[in-house]
Trainee: 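Input: one structure, supplied below.
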Amino acid sequence: MFSLVRRIPPVSWWAAVLALFLIAALLVDGISRTYMHADEYLVYRFTREDLTHTVTYLAERDTHPPLWFSFFWVWRQFVGTSEVAGRMQAVLFSLIALAVVYQMGRTWFGAPHYGVFAMICLSGLALFFQYALEIRPYGLVMLLGSISMFSFHRWLARTRWRWGVVYAVTAAAMLYVHYFLVTLLLAQVVVFTG
């Protein structure tokens, strides 16, 4: 009987799950209140042909890196081309990013309630809500940025090669999603060398 009681997750874990569920409901509800803008139309234009054409077009005629557009092209093949389907990809990436932020807060500050607090603070920002619904690479940017910071911290704290590999993979992936993420990498270099 005692072992059964120990397996029940703590209250803070349930609070994190409830908060994530409520945030997901708000984001899904927000899809109907969001209107497509010009940059989002371009995403559909870039990805309307086959994957080779999408990557070639981005390499030859545009300035965007190809990874997110490739993800979006694959997403369209399975989920469809509606605006709701496009926004759901951003919501999915953003919710996973919030779960990583929960882990960061819990790990960095040593208690699960800090993870819940960090997740709620991030989701309360207007920019988070806006970017979590855009049919642009920002949901994946948030996800990769949070995984990068989490793995970077774990790598420095524990000096295990597995965390170094996760960090290296996310660092490389970030540069294939959005070039502005080089600023996060530079900040990490400053922390590493300082």
Side-chain angles (χ1 to χ4, degrees), residues 9-10 12-13 16-17 19-20 23-24 43 46-47 51-52 54-56 58-59 62-79 88-123 125 127-128 131-132 134-194:
S12 58
W13 185 86
V17 170
L20 199 59
I23 295 164
V43 170
F46 291 166
T47 59
L51 184 57
T52 305
T54 298
V55 173
T56 304
L58 291 168
D62 197 68
T63 59
H64 292 91
L67 187 59
W68 179 82
F69 287 92
S70 301
F71 280 157
F72 189 75
W73 183 90
V74 172
W75 179 264
R76 285 182 65 173
Q77 306 311 305
F78 289 102
V79 179
M88 283 305 295
Q89 183 198 45
V91 168
L92 179 64
F93 284 142
S94 301
L95 289 173
I96 298 170
L98 282 176
V100 174
V101 166
Y102 166 80
Q103 287 296 330
M104 277 194 292
R106 187 180 68 80
T107 304
W108 290 3
F109 299 107
H113 62 274
Y114 291 113
V116 174
F117 180 74
M119 189 173 63
I120 290 171
C121 284
L122 176 60
S123 64
L125 297 174
L127 282 176
F128 171 83
Y131 289 149
E134 280 206 18
I135 306 172
R136 302 287 293 153
Y138 306 125
L140 186 56
V141 163
M142 288 188 281
L143 175 58
L144 289 174
S146 59
I147 292 172
S148 173
M149 286 304 298
F150 183 71
S151 61
F152 180 69
H153 178 264
R154 296 289 266 197
W155 178 48
L156 291 180
R158 297 182 179 204
T159 61
R160 292 192 179 145
W161 66 271
R162 285 179 280 164
W163 286 112
V165 169
V166 172
Y167 170 70
V169 169
T170 57
M174 287 191 311
L175 295 177
Y176 281 95
V177 171
H178 203 289
Y179 295 129
F180 187 68
L181 286 171
V182 75
T183 57
L184 177 59
L185 295 175
L186 291 174
Q188 291 168 340
V189 167
V190 169
V191 168
F192 183 74
T193 59

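Just so it is clear, the model here is predicted, and its values are computed rather than measured.
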Trainee: For Thr170 versus Ile147, what's the shortest heavy-atom pair and its separation?
Mentor: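 Nearest heavy atoms, Thr170 then Ile147: CG2-CG2, 3.3 Å.
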Trainee: Restricting to pairs with a member in residues 138-152, which pass side-chain hydrogen bond (donor to acceptor under 3.5 Å, both in side chains), not counting sequence neighbours?
Mentor: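 For residues 138-152: Ser148-Gln188.
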Trainee: Supply the atom-to-atom distance Leu140 CG to Gln89 CD, rounded to the nearest 0.5 angstrom.
Mentor: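 Reported to 0.5 Å precision, the distance equals 7.5 Å.
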Trainee: Among residues two or more places apart or on two chains, list those pairs meeting ring pair (Phe, Tyr, Trp, His ring centres under 6.0 Å) that have a residue in residues 175-194.
Mentor: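 Listed once each, the pairs are Trp155-Phe192.
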Trainee: Would you name the heavy atoms of Phe128 and Met142 that are closest together and state the gap between them?
Mentor: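 Here Phe128 and Met142 meet closest at CD1-SD, 3.4 Å.
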Trainee: Would you please test Trp163 and Tyr167 for ring pair (Phe, Tyr, Trp, His ring centres under 6.0 Å) and show each step?
Mentor: CA-CA 6 Å; Trp163 286 112; Tyr167 170 70; over 10 Å; no
Trainee: Identify the heavy atoms of His64 and Phe69 that sit nearest to each other, and give their distance.
Mentor: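 Closest approach of His64 to Phe69: CB-CE1, 3.5 Å.
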Trainee: What is the distance from atom CD1 of Ile23 to atom CE of Met119, rounded to the nearest 0.5 Å?
Mentor: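 It comes to 5.0 Å.
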Trainee: Kindly indicate whether the side chain of Val141, heavy atoms from C-beta on, has any atom under 4.5 Å from the side chain of Tyr131.
Mentor: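 Sidechains of Tyr131 and Val141: no contact.
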Trainee: Mind checking what makes side chain to side chain contact (heavy atoms under 4.5 Å, CB included) contact with Val17, not counting sequence neighbours?
Mentor: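 Val17: side chain to side chain contact (heavy atoms under 4.5 Å, CB included) contacts with Trp13.
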Trainee: In the structure I gave you, are the side-chain heavy atoms of Pro65 and Leu175 within less than 4.5 Å of one another anywhere?
Mentor: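 SC-SC contact between Pro65 and Leu175 ruled out.
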Trainee: How close do Pro137 and Val177 get, heavy atom to heavy atom, and via which atoms?
Mentor: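 Closest pair (atom of Pro137, atom of Val177, distance): CB-CG1, 3.9 Å.
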Trainee: Is any side-chain heavy atom of Val79 closer than 4.5 Å to a side-chain heavy atom of Met88?
Mentor: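 Val79 does not reach Met88 side chain to side chain.
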Trainee: Among residues at least two apart in sequence or on other chains, which ones pass side chain to side chain contact (heavy atoms under 4.5 Å, CB included) with Thr52?
Mentor: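 If we apply the side chain to side chain contact (heavy atoms under 4.5 Å, CB included) test to Thr52, skipping adjacent residues, the hits are Asp50, Thr56.
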Trainee: Taking all non-hydrogen atoms of both residues, which atom of Val55 and which atom of Ser70 are closest, and how far apart?
Mentor: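 Heavy atoms only, the tightest pair is CG2-OG, 3.7 Å.
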Trainee: Tell me, which pairs form a side-chain hydrogen bond (donor to acceptor under 3.5 Å, both in side chains) where one or both residues lie in residues 97-110, sequence neighbours left out?
Mentor: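 Those involving residues 97-110 are Gln103-Arg106, Trp108-His153.
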Trainee: Without placing hydrogens or testing angles, list every side-chain donor-acceptor pair under 3.5 Å for residues 90-101, not counting sequence neighbours.
Mentor:
residue : atom : partner : partner atom : Å
Ser94   : OG   : Ala90   : O            : 2.8

Trainee: Taking side chain to side chain contact (heavy atoms under 4.5 Å, CB included) as the definition, give me every residue that meets it alongside Val165, ordered by chain and number, with sequence neighbours left out.
Mentor: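 Residues passing side chain to side chain contact (heavy atoms under 4.5 Å, CB included) with Val165: Trp161, Val169.
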Trainee: Which heavy-atom pair separates Val43 from Thr47 by the least distance, and what is that distance?
Mentor: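 What the structure gives for the nearest pair is O-OG1, 2.8 Å.
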Trainee: Tell me, please, which residues at least two apart from Ala168 pass side chain to side chain contact (heavy atoms under 4.5 Å, CB included).
Mentor: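 Ala168 satisfies side chain to side chain contact (heavy atoms under 4.5 Å, CB included) with no residue once adjacent residues are dropped.
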Trainee: State which residues pass side-chain hydrogen bond (donor to acceptor under 3.5 Å, both in side chains) with Arg154; sequence neighbours excluded, sorted by chain then number.
Mentor: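 Arg154: no side-chain hydrogen bond (donor to acceptor under 3.5 Å, both in side chains) contacts found.
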